[in-house]
J.: 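Could you have a look at this structure, given as structure tokens, before my questions?
What you see is a predicted model; the values in this text were computed from it and never measured. Ligands are counted one by one from 1 in listed order, and the atoms in each one are counted from 1 as well.
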Amino acid sequence: MNKILILVVEDDKPVRNLITTTLGTHNYNYLTAVNGKEAIMEASSHNPDIILLDLGLPDLDGVEIIQKIRTWSNVPIIVISARSEDADKIEALDAGADDYLTKPFSVGELLARIRVAQRRISFTKGDRDAESVFVNGSLRIDYAAGCAYLDKDELKLTPIEYKLLCLLSKNIGKVLTHTFITQKIWGSNWSNNVASLRVFMATLRKKLESAPDSPQYIQTHIGIGYRMIRVE
Ligand code: CA
């Protein structure tokens, strides 16, 4: 197995031990940091493949750490939050985090999130962002031509639906918040127009998903946003 390095940032010792034991038994390499200063130091000196970041640290705010790391790195950041409020997660995602886990979480959940991040890494390697054709399962988007296909059939999308699909595809594996999406699609004047977004997302899904009630491509994160998942 190709060993990846995971930086675990957590001040709570039992939680940190649970995470590192899990990573160790599943053959991941890891580093630990117990506060924000250490986190930034370890992230810059060891260049980890994935960062698990507790939002409630004694020194720096988690969001501040994400903003700092994002000035030089696109490493997948999975936020771990004891806080049940969605507002913290949304703030972290808007600051550039990829995903989130809410405490208490199971070992299975933790490993599943890591696998999603790993798939994102392997997908973005080779400078996929610069490529003009995107492929995910049966979905193919020809960015240059401005067309999307499901198998051989062209999807008849409205301009907004197409923009939405492109935005999600270019951020595959990453949870995008409602605010992020509405700002990218409609501009800042339309921020927080979540009701419109829902309508467009529903019509896009009807065209894209064979079973819109159990979507294969676009995941809903209730109260938070949406994510395109890598279809195996
Ligand atoms: Ca904590």
J.: Among pairs that include at least one residue of residues 138-162, which meet salt bridge (Lys or Arg N to Asp or Glu O under 4.0 Å), considering only residues two or more places apart or in two chains?
T.: Glu161-Lys207
J.: Could you note down all residue pairs passing side-chain hydrogen bond (donor to acceptor under 3.5 Å, both in side chains) where residues 8-19 supplies at least one of them, sequence neighbours left out?
T.: Glu10-Lys103
J.: Kindly indicate, with the supporting measurements, whether the criterion side chain to side chain contact (heavy atoms under 4.5 Å, CB included) is fulfilled by Phe134 and Asn136.
T.: CA-CA 7 Å; Phe134 167 90; Asn136 183 20; 3.6 Å; yes
J.: Distance below 3.0 Å from the Ca ion (ligand 1): how many protein N/O/S atoms qualify?
T.: 3
J.: With the threshold set at 4.0 Å, does a side-chain nitrogen-carboxylate oxygen contact exist between Asp59 and Lys37?
T.: no
J.: With sequence neighbours left out, write down each residue that passes ring pair (Phe, Tyr, Trp, His ring centres under 6.0 Å) with Tyr30, or none if nothing qualifies.
T.: none
J.: Within a strict 4.5 Å, meaning less than it, do heavy atoms of the Val75 and Asp49 side chains meet?
T.: no
